[in-house]
Structures are given as structure tokens and as C-alpha cells.
Amino acid sequence: DPSYGLDMSRLDRARPDLAATTQSAIAEALGFLTREGRITDLRVQVSAEQDRLFYTVDFYDPRARTRASVTNLLGA
């Protein structure tokens with residue numbers, strides 16, 4: 001659901017800027033959490049290899065007072 005989460009329709013795997021576009025889309029999808037102060041210091045890293053996207057989302061959770069990191073793969 002693009003209104004709450006990642007808009008996958010933006011991710012055209014044929015584009016040379018796929019990693020940058022995905023990085024931007026993930027950051028935008030999590031933007032409501034940063035605007036609400038539920039997470040801070042958001043960092044998103046994405047790399048594209050063939051038909052796969054590897055991503056890492058790293059942030060600080062002020063409620064838990066800890067950093068959290070999620071690494072995953074979006075396959076074909």
C-alpha cells in the first residue's frame with residue numbers, strides 16, 4: 001500500500017539508478033516515523049546486483065534508547 005509503506009511501482013529494475021531510487025523510496029516510506037519522532041538518525045543503504053536489491057536500514061529508537069539495523073534482500 002503506497003499510502004503506508006514502500007511504493008514498489010517506483011522501482012524499475014531496468015533503470016541504471018535503481019539503487020538510488022530504492023534508497024529514496026525507503027527513506028520516504030519511513031518518513032512518517034521520523035516526522036513523528038518515533039525514530040531518529042535514519043540511514044538507508046542500497047546496492048543493486050543483477051536482479052536483486054540489498055538494503056540496510058539503520059536508525060536510533062529513542063523509546064528503547066538503542067540503535068537498530070535491518071538488512072534484507074529484495075529478489076526478482
Side-chain angles (χ1 to χ4, degrees):
D1 180 1
S3 65
Y4 186 78
L6 181 59
D7 181 2
M8 296 296 287
S9 68
R10 292 179 51 188
L11 308 181
D12 180 355
R13 293 180 188 269
R15 293 180 55 147
D17 64 346
L18 177 60
T21 301
T22 304
Q23 182 174 341
S24 175
I26 292 171
E28 288 174 20
L30 297 174
F32 77 97
L33 294 171
T34 58
R35 287 188 298 276
E36 293 175 0
R38 293 166 58 187
I39 64 173
T40 61
D41 194 24
L42 175 64
R43 300 177 193 159
V44 179
Q45 296 177 327
V46 178
S47 64
E49 296 178 19
Q50 297 175 1
D51 61 346
R52 298 178 296 178
L53 287 168
F54 296 93
Y55 67 90
T56 299
V57 176
D58 184 74
F59 59 90
Y60 181 76
D61 181 343
R63 294 173 295 167
R65 297 184 183 146
T66 187
R67 285 205 75 76
S69 185
V70 176
T71 300
N72 210 337
L73 163 71
L74 292 174

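- Between the CZ atom in R35 and the CG atom in L30 there is a gap of 10.0 Å [rounded to 0.5 Å].
- Across all non-hydrogen atoms, the minimal contact from P62 to G37 is CG-O, 3.4 Å.
- Residues R65 and Y60 come closest through the heavy atom pair CA-OH, 3.1 Å.
- Here the side chain of Q23 pairs a donor or acceptor atom with the backbone of V44 at under 3.5 angstrom.
- For the pair S69 and T56, the tightest heavy-atom approach, listed with the atom from each and the gap, is OG-CG2, 3.6 Å.
- Between Y55 and I26 the shortest side-chain heavy-atom distance falls below 4.5 Å.
- Applying the salt bridge (charged side-chain N to carboxylate O under 4.0 Å, His left out) rule to R63 yields the partners D61; only residues at least two apart in sequence or on another chain are considered.
- The backbone N or O of G31 lies less than 3.5 Å from a partner atom in the side chain of T34, making a donor-acceptor pair.
- Atoms OG1 and CG, on T40 and L33 in that order, are 11.0 Å from each other to the nearest 0.5 Å.
- A search for side-chain hydrogen bond (donor to acceptor under 3.5 Å, both in side chains) contacts involving D58 returns R67, not counting sequence neighbours.
- Applying the side-chain contact (heavy atoms from CB on, under 4.5 Å) test to T66 and every residue at least two apart in sequence or in another chain returns A64.
- Between A19 and A48, the shortest heavy-atom distance links the atoms CB-N, 4.1 Å.
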